[in-house]
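Everything on this sheet refers to the single structure shown next.
Positions are given from 1 along the sequence.
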Amino acid sequence: MSSRVLPIDVVRVPPGLEPLRAEIRTFLDSEIRRGAFTPQCDSWLTGWDEPFSRRLAEHGWIGMTIPRRYGGQGRTVLDRQVVLEELLAVGAPVAAHWIADRQTAPSLLRYGSEQQRAEFLPEIAAGRCYFAIGMSEPDSGSDLASVRTRAVRVAGGWRLTGTKVWTSGAHRAQWFFVLARSAPDTGDRHAGLSQFIVNLRAEGVTVRPIRLLTGEHEFNEVRLDGVFVPDRYVLGEIGSGWGQVTSELGYERSGPERLLTTFPLLAALVSEVRRRADRDPAAVAEIGALTSRLLTLRQLSLSVAGMLAAGKPADVAAALVKDLGTRFEQEVAERARMLADEMPDPDAAPGTFTGHLVRGLLHSPGYTLRGGTNEVLRGVVAKALERA
């Protein structure tokens, strides 16, 4: 692949961050031992635990890259990456603060007004303010430029009308960023789009559940019926929504959650295979192949994090991470199913090998869909190659 398309510099976690890794591991071991949570796959989507988020914040592990003047820690992207890896590796319940910390805070720092930063960033860093994402719409798939939600200018602000889907955590979060068409479509679908910060408790907002195969309620359809958004909650500039959203997607698609969703299952599988290594060398080889791929994907994710920290465009590289990483997550679930000595039991206890296996399999169809379908993301990479 041309370096003009993906000018990625190799980034490595410096040895000096190992004390931080040891600190978060000690904290998580303590939390598990006292029964604060049960490790599970897909914890960054389904593990909503506000008290746990606040405990992380007390240690300074939320809002790590937010400047200190806004209540954050002012630490590096790699500091934050170390903490994220450890949280995901044990399947900690991080869903409540995940979106706000992952992409809301960086977007506010880049595009938000000083008033917006002062209002939201300290609360995000304290683990008390939770955001959702208002991008996808019915019948639009991953084609964000086809949004039909309308923003109409009124006295003192805007009125938004439309429907958003796959809105993770909208039934619990307080706010979400909404991408809407604020000007008539003139043929350039990327023009005339704007972002708004919408209160999910506002009049005219209706949240309806979209349930997972497990029956869990994490996704939602959010209907906006003339919802008033004051001017102070316009994010960035009117008409600049497309550029803002594509930069935001770099944060959404490239993080370690795009390769570590099924890591608790992989760790449990290693333990299972270790018990029978002497009589199943083929299973040991399978584990080796999965592990080598994971290490490569981790390196790619770290390198994209470095690009984002340096302010470089990362939408194409992030699309590649998301495509390769989520396919890997699905394969972990499938390989575990093939190597298991037992049939998956839907009633298996959470946290056990079989419990991880059932959850990993039932959630796996969504891995390559959320955050943009992999087919669309391959199109993003192909267009970049064509332009190179």
Side-chain angles (χ1 to χ4, degrees), residues 45 48 95-96 98-100 103-104 107-108 111-113 115-116 119-120 123-124 129-186 189-212 216-242 244-246 248-249 252 366 369-372:
L45 176 72
W48 192 284
W98 196 261
I99 290 171
Q103 65 199 90
T104 303
S107 293
L108 286 168
Y111 301 112
S113 67
Q115 179 182 351
Q116 291 166 358
E119 178 177 355
F120 293 113
E123 290 297 293
I124 290 173
C129 185
Y130 314 121
F131 271 75
I133 303 169
M135 294 184 190
S136 300
E137 297 193 358
D139 305 318
S140 293
S142 299
D143 182 10
L144 294 180
S146 67
V147 297
R148 291 177 292 185
T149 295
R150 296 282 174 176
V152 177
R153 194 76 172 96
V154 295
W158 300 77
R159 287 207 177 273
L160 273 59
T161 300
T163 303
K164 298 294 179 178
V165 291
W166 313 118
T167 312
S168 306
H171 56 306
R172 298 186 180 112
Q174 300 112 325
W175 301 85
F176 74 149
F177 285 176
V178 172
L179 180 66
R181 188 161 294 284
S182 54
D185 188 349
T186 59
R189 298 192 310 152
H190 297 162
L193 295 172
S194 303
Q195 281 186 295
F196 302 85
I197 306 173
V198 177
N199 188 333
L200 282 161
R201 308 290 188 273
E203 183 179 355
V205 176
T206 304
V207 179
R208 296 176 177 172
I210 301 174
R211 298 195 178 274
L212 302 175
E216 295 167 278
H217 175 194
E218 300 301 336
F219 291 122
N220 299 274
E221 174 190 85
V222 181
R223 295 186 62 184
L224 307 170
D225 185 11
V227 177
F228 177 71
V229 180
D231 284 326
R232 70 178 183 276
Y233 287 146
V234 172
L235 179 66
E237 298 181 5
I238 290 295
S240 298
W242 181 254
Q244 294 174 194
V245 160
T246 52
E248 184 181 332
L249 289 173
E252 180 179 357
L369 298 177
R370 60 202 191 203

Minimum heavy-atom distance between [X] and [Y], given as atom pair plus value:
X      : Y      : answer
Leu212 : Glu218 : CD1-CG, 4.2 Å
Leu179 : Thr149 : O-CB, 4.2 Å
Ser136 : Trp166 : CB-CD1, 4.2 Å
Asp139 : Arg148 : OD2-NH2, 3.6 Å
Phe120 : Cys129 : CD2-SG, 4.1 Å

Can you name the side-chain hydrogen bond (donor to acceptor under 3.5 Å, both in side chains) partners of Thr167, sequence neighbours left out?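 Per chain and number, Thr167 pairs via side-chain hydrogen bond (donor to acceptor under 3.5 Å, both in side chains) with no residue.
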Is there a side chain to side chain contact (heavy atoms under 4.5 Å, CB included) between Val198 and Tyr233 once you walk through the steps? CA-CA 7 Å; Val198 177; Tyr233 287 146; over 6 Å; no
Polar side-chain atom of [X] near backbone of [Y] as donor-acceptor pair, under 3.5 Å:
X      : Y      : answer
Gln174 : Tyr130 : yes
His217 : His171 : no
Arg181 : Arg189 : yes
Thr161 : Gly226 : yes
Gln116 : Gly236 : no

What verdict does the side chain to side chain contact (heavy atoms under 4.5 Å, CB included) test give for Ile124 and Leu108, after you've listed the backbone C-alpha separation in whole Å, the side-chain angles of each residue and the deciding distance to 0.1 Å? CA-CA 11 Å; Ile124 290 173; Leu108 286 168; 4.3 Å; yes
Per the salt bridge (charged side-chain N to carboxylate O under 4.0 Å, His left out) rule, what does the pair list look like for residues 219-234, sequence neighbours excluded?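 Sorted result for residues 219-234: Arg153-Asp231, Arg208-Glu221.
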Residues Ile238, Phe196; criterion side chain to side chain contact (heavy atoms under 4.5 Å, CB included); working and verdict: CA-CA 9 Å; Ile238 290 295; Phe196 302 85; 4.0 Å; yes
So, do [X] and [Y] sit near enough that their side-chain heavy atoms are less than 4.5 Å apart?
X      : Y      : value
Ser194 : Val234 : no
Val222 : Leu200 : yes
Phe219 : Arg370 : yes

Can you list the residues that meet the side-chain contact (heavy atoms from CB on, under 4.5 Å) rule with Gln103, with sequence neighbours excluded?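 Once residues adjacent in sequence are excluded, the partners of Gln103 under the side-chain contact (heavy atoms from CB on, under 4.5 Å) criterion are Ile99, Ile133, Met135, Glu248, Tyr251, Glu252.
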Hey, can you tell me if Trp242 and His190 have their rings parallel, tilted or perpendicular (30° and 60° cut-offs)?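 Parallel.
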Mind checking the CH2-CD spacing from Trp175 to Glu119? Nearest 0.5 Å is all I need.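 Going from CH2 on Trp175 over to CD on Glu119, the span is 5.5 Å.
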Can you tell me if CH2 on Trp48 sees more than 12 non-hydrogen neighbours from other groups inside 6.0 Å?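 Yes.
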Carefully, step by step, assess Arg211 and Glu216 under the rule side chain to side chain contact (heavy atoms under 4.5 Å, CB included). CA-CA 6 Å; Arg211 298 195 178 274; Glu216 295 167 278; over 6 Å; no
